[in-house]
Amino acid sequence: MMEEKILTGKKHGMAALLGILALYVLSVAGISFGAKMIEDDGNPLLLIAGLVLVVLATILCGGLKVLKPQEALVLTLFGNYVGTLKEAGFYFVNPFCTGVNPAAKTRLSQSGDVSDSTAMLAIAAGKAGTAGEATSKKISLKIMTLNNSRQKINDCLGNPIEIGIAVTWRVVDTAKAVFDVDNYKEFLSLQCDSALRDIVRIYPYDVAPNVDTTGDGVADEGSLRGSSEIVAARIRDEIQKRVEEAGMEVIEARITYLAYATEIAAVMLQRQQASAIIDARKMIVDGAVGMVEMALERLNEKHTVELDEERKAAMVSNLLVVLCGNRDAQPIVNSGSLY
């Protein structure tokens, strides 16, 4: 495991730039006077010194580094990790140090990738070679959003569902992100897919009986549709455990899409409609029975009419038909006796 080393005291970029400009001025002057001395059959040492100064100033230009806020640059020298520049500023480092960012060319469905304007223009123009050369080696420390593609996963009841998540994350340890994994962006994307599958398989799409989603051995009412906040929190915790070794922090995970898979969506819709109809019918019947009971009690209390058991049964039947029917009842006036 690599340990991050923050380089401080390197903000000498402006002084180094002035020194490089002075070297260029001296080199131009040396080349000019040296050329004149050679024309006069003089010593060529001044010309050689001017050329050496040009080469030296050009090499020193490679040590100038500019960082904007929320950017970092991991530096290596001949394969050895030197340290990381994290604070915004104008730096001067060893000109032979090179920036390392194995995920610089990776473009996922996410925001916040650090790229030079030249690289973005090259990508827009479809010039892969130019884009690869111009890609910045800087690492973004901003909060970024990864929106992975939708996945088809079976829930705990075996029903195929489609689900998508959006994960907000950031790099907190640049050394681990660069050296402990091959490509930290692809690593995060893969771990998001894996964690999503592991958590979704614990829950049913909708509330189902005899399902334990918490692991305590007691059936509960957890579901993907009804417990989205809890499911998202568990997904976030699972991803965080997996990417800890890569120096990344997962701030939040949110479910962005949730639906039954296409092949069973129509059947599940009919099932939901049937369930809703049954629930509605139960409510109507409960209300109708209560109204019939109340009517019989009121008639009995006020002695409005004396009804024997047969007439009570006929009245109950008629009231239930009227109250529970889907259509308006058609009244029939009976002018004779029930018998």
**Report entry** Salt bridge present between E229 and R234 (N-O < 4.0 angstrom)
**Finding:** no
Query raised in the report: Salt bridge check: are E238 and K241 linked by an N-O gap of less than 4.0 Å?
Result: yes
Give, for atom [atom1] of [X] and atom [atom2] of [Y], the distance between the pair rounded to the nearest 0.5 Å.
X: Q191; Y: I239; atom1: CD; atom2: CD1; result: 9.0 Å
X: Y260; Y: E162; atom1: OH; atom2: CD; result: 13.0 Å
X: R197; Y: K152; atom1: CZ; atom2: NZ; result: 10.5 Å
X: L224; Y: I161; atom1: CG; atom2: CD1; result: 4.5 Å
X: L85; Y: L75; atom1: CG; atom2: CG; result: 5.0 Å
X: I139; Y: L73; atom1: CD1; atom2: CG; result: 7.5 Å

Is the shortest side-chain heavy-atom distance between [X] and [Y] below 4.5 Å?
X: V167; Y: N148; value: no
X: F179; Y: E4; value: no
X: T213; Y: P204; value: yes
X: Y203; Y: V211; value: no
X: V231; Y: I199; value: yes
X: Y205; Y: N159; value: no
X: L188; Y: M144; value: no
X: F187; Y: D182; value: no

Of all the heavy-atom pairs spanning [X] and [Y], show the shortest one and how long it is.
X: T256; Y: I165; value: OG1-N, 3.7 Å
X: A208; Y: L157; value: CB-CD1, 3.7 Å
X: T174; Y: A72; value: CG2-CB, 3.9 Å
X: I202; Y: C156; value: O-CB, 3.6 Å
X: K11; Y: A88; value: NZ-O, 3.1 Å
X: L146; Y: S189; value: CD2-CA, 3.9 Å

Requested in this report: Go through the structure and list residues passing side-chain contact (heavy atoms from CB on, under 4.5 Å) with D216, not counting sequence neighbours.
Outcome: D212, T214, V218
Requested in this report: Sequence neighbours left out, what passes side-chain contact (heavy atoms from CB on, under 4.5 Å) with R236? Give chain and number order.
Outcome: Q240, V250, A253
**Report entry** Option from K137, K86, K138, K65 for which salt bridge (charged side-chain N to carboxylate O under 4.0 Å, His left out) with E71 holds
**Finding:** K138
Report task. Measure up the W169 and Y184 rings against each other and bin them: parallel (under 30°), tilted (30 to 60°), perpendicular (over 60°). Result -> perpendicular
Requested in this report: Say whether I230 and I163 are linked into one hydrophobic cluster, either directly or through other cluster members, by side-chain heavy-atom distances under 4.5 angstrom.
Outcome: yes
Query raised in the report: Any donor-acceptor pair under 3.5 Å linking the side chain of S223 with the backbone of G226?
Result: yes
Got a list of side-chain donor-acceptor pairs under 3.5 Å for residues 17-29, not counting sequence neighbours?
from, atom 1, to, atom 2, distance (Å)
Y24, OH, T58, OG1, 3.1
S27, OG, L23, O, 3.2
S27, OG, Y24, O, 2.6

